[in-house]
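For reference, the structure discussed in these notes is given below.
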Amino acid sequence: MQPYQYQELEACGFLSKMFGSKPAENGWKELNNLLAAAEDIALVSENEVRGALKKWGVKFSEENLQRRSGLYRKLADVVYTDAQSADDALFAQTERLAQLLELPPHLVKLADKGAKTAAYFIRCRKLLSGEEKLDINAINALFGYDYEDGLSIRKQVFQAHFNLLFEDISKEERYSPDQEAAFRADCAALDIPYEFKNNIVNALKKYRDLWNAEHQELGDIKVDLPLEKGEACRAYVNCGLCQNKVIEKEDNYFELTRKFSIDETVNFKGEKLEHPKIKEEATVLLELGHFFLTSRRIIYISKKNAFDVKLQDITHAEFDNINMVTFRTKDNKELLFKFPDEAAGVMYILFGRVKKEL
């Protein structure tokens, strides 16, 4: 990486030539170009630096300390990004440049600190992309960091990396073992714990369960049910038995909005206002029970009811992508079950797999 790029000098205008004035900016550009042309800044002399500045009437002063510090920082950024060890020859160039620019120690230290931080971000990202030659322990040793010094940066780098990949995971709603292994390897490379906020943990668990439902071998769960010979229980879960009903209720729009208007829709009965009745379809929870998916049937058991339906008599299932699964039978019946949010998608997928095996 090249810290300095060649810069074109400003042309002297007519008035500058007439009065003998020189654009001071050219002095800094001359110095920049001197450093850009140097194969090794450690070999640049004080006379070359003074000559580049003197030509344009520039001298080091308190007013241009920040300008000099900026030139030094450019080199420090590259050195801390590319150096492979604490005794790397690149560090000799920063030491020499600090001398050439006559920078006070506190500004050198400040510039080095900023360069380390920027380079640490870069090198941590390269660790994840496989471009970095050193491991995190060697990088920490190079920068003089202990475990805690760069922990916050390492976590930020991983979080940004994870966020990009999590977008695809959340779109697909699947989290495979290979993806988890890759994230764990990334955390190990950065020497940080594999941990997330609770909402991410819950989302990853949901997506992993969905992936498992699609790819893992169907199980044979032992349950206390009188199954048929050769019949295996694939899954079971608590559920709610539901039914779609048409509900009639009063349109109390005026009461809810605290507005009152007399029109043909309002009837008086004594002192009570009666508004028109409206009908709407709603899914009603009838009772709670247990749902079993076997290799041949779906079985529902509650304190009051128990029934089963053969898979061959079910035409298909519909999932609302939240928690409701509707099973439709050949005789045009519908069976509605409300599952826990984390289980509904899993049961829907497993039903589809089991039915295909018939």
Side-chain angles (χ1 to χ4, degrees), residues 168-180 202-248 279-358:
D168 292 332
I169 292 172
S170 59
K171 286 178 183 177
E172 297 293 329
E173 294 192 343
R174 300 295 183 271
Y175 185 46
S176 71
D178 287 344
Q179 288 172 313
E180 179 180 344
N202 294 335
L204 291 178
K205 182 182 184 305
K206 175 184 176 181
Y207 301 154
R208 168 56 60 79
D209 290 343
L210 292 171
W211 188 95
N212 289 341
E214 287 182 337
H215 297 90
Q216 284 192 338
E217 184 178 350
L218 292 172
D220 184 359
I221 303 171
K222 303 303 178 184
V223 292
D224 188 18
L225 285 177
L227 300 180
E228 300 171 356
K229 184 177 180 180
E231 184 179 19
C233 180
R234 300 306 191 194
Y236 69 89
V237 66
N238 295 333
C239 71
L241 179 63
C242 300
Q243 184 179 22
N244 286 330
K245 288 186 175 182
V246 175
I247 299 176
E248 186 178 79
K279 294 181 179 180
E280 61 180 29
E281 188 174 294
T283 301
V284 179
L285 177 65
L286 301 178
E287 62 177 17
L288 299 177
H290 306 280
F291 180 92
F292 298 83
L293 172 65
T294 78
S295 55
R296 298 177 184 174
R297 298 176 285 169
I298 61 171
I299 302 171
Y300 173 78
I301 298 175
S302 71
K303 291 182 179 181
K304 298 179 180 180
N305 296 301
F307 62 83
D308 68 335
V309 182
K310 292 182 179 180
L311 297 184
Q312 64 188 27
D313 293 331
I314 299 175
T315 59
H316 65 284
E318 299 168 0
F319 177 40
D320 70 350
N321 288 317
I322 302 175
N323 53 24
M324 295 289 297
V325 179
T326 304
F327 298 93
R328 302 195 181 277
T329 65
K330 292 180 179 178
D331 54 359
N332 294 322
K333 292 181 179 179
E334 63 176 19
L335 300 170
L336 278 71
F337 295 96
K338 184 175 184 178
F339 297 110
D341 291 355
E342 67 276 7
V346 171
M347 298 305 296
Y348 174 71
I349 292 170
L350 290 177
F351 168 78
R353 289 184 63 189
V354 173
K355 186 165 175 58
K356 285 182 179 180
E357 289 189 342
L358 293 178

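Heavy atoms only: backbone and side chains are in, while hydrogens, waters and symmetry mates are out. Starting from 1, each residue takes its place in the sequence as its number. Bear in mind the structure is a predicted one, so any value in this text is a computation, not a measurement.
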Between [X] and [Y] (side chain of the first, backbone of the second, donor and acceptor by atom type, cut-off under 3.5 Å), is there such a pair?
X	Y	result
K355	H316	no
K338	T283	no
D320	N323	yes

Short N-O contact, R328 and E318, less than 4.0 angstrom: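 Yes, charged N to carboxylate O under 4.0 Å.
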N-O pairing of K303 and E287 below 4.0 Å: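 Here K303 does not pair with E287 in a salt bridge, since their nearest N and O are not under 4.0 Å apart.
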Straight-line distance of [X] [atom1] to [Y] [atom2], nearest 0.5 Å:
X	Y	atom1	atom2	result
M347	D209	CE	CG	12.0 Å
E180	L204	CD	CG	8.0 Å
L210	Y348	CG	OH	12.0 Å
Q216	W211	CD	CH2	6.5 Å
E231	D220	CD	CG	10.0 Å
D313	R297	CG	CZ	12.0 Å

Exceeds 12 heavy-atom contacts within 6.0 angstrom, atom CD of E172: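 12 or below, so no.
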Other residues, nucleotides, ligands: >12 heavy atoms within 6.0 Å of F319 CZ: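 Yes, the 6.0 Å shell around CZ holds more than 12 heavy atoms from other groups.
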Between F327 and F291, ring centroids under 6.0 Å: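 So the answer is yes for these two rings.
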With a 4.5 Å heavy-atom cut-off, do [X] and [Y] have their side chains touching?
X	Y	answer
F307	L335	yes
I314	F351	yes
L293	L311	yes
L286	N305	no
S295	R234	yes
T315	K330	yes
L288	N238	no

Identified side-chain hydrogen bond (donor to acceptor under 3.5 Å, both in side chains) partner of R296 from the options E228, E357, Q312: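 Answer after filtering E228, E357, Q312: E228.
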Intermediate values then yes/no, side chain to side chain contact (heavy atoms under 4.5 Å, CB included), L336 and L241: CA-CA 6 Å; L336 278 71; L241 179 63; over 6 Å; no
Step-by-step side chain to side chain donor-acceptor pair (under 3.5 Å) determination, D331 to T329: CA-CA 5 Å; D331 54 359; T329 65; 2.3 Å; yes
Criterion side chain to side chain contact (heavy atoms under 4.5 Å, CB included) on I301 and L225, from CA distance to verdict: CA-CA 10 Å; I301 298 175; L225 285 177; 3.2 Å; yes
Which heavy-atom pair separates [X] from [Y] by the least distance, and what is that distance?
X	Y	answer
S170	Y207	CA-CE1, 3.8 Å
G289	S302	CA-CB, 4.0 Å
A344	I322	CB-O, 3.9 Å

Evaluation steps, side chain to side chain contact (heavy atoms under 4.5 Å, CB included), between I299 and L227: CA-CA 10 Å; I299 302 171; L227 300 180; 4.3 Å; yes
Option from R353, R174, R208 for which salt bridge (charged side-chain N to carboxylate O under 4.0 Å, His left out) with E214 holds: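 Looking at R353, R174, R208, the match for E214 under the salt bridge (charged side-chain N to carboxylate O under 4.0 Å, His left out) is R174.
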Chi angles and distances behind the side chain to side chain contact (heavy atoms under 4.5 Å, CB included) call for D308, T294: CA-CA 10 Å; D308 68 335; T294 78; over 6 Å; no
Plane angle bin for F292 and H290 - parallel if under 30°, tilted between 30 and 60°, otherwise perpendicular: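 The arrangement is tilted - the two ring planes meet at 30° to 60°.
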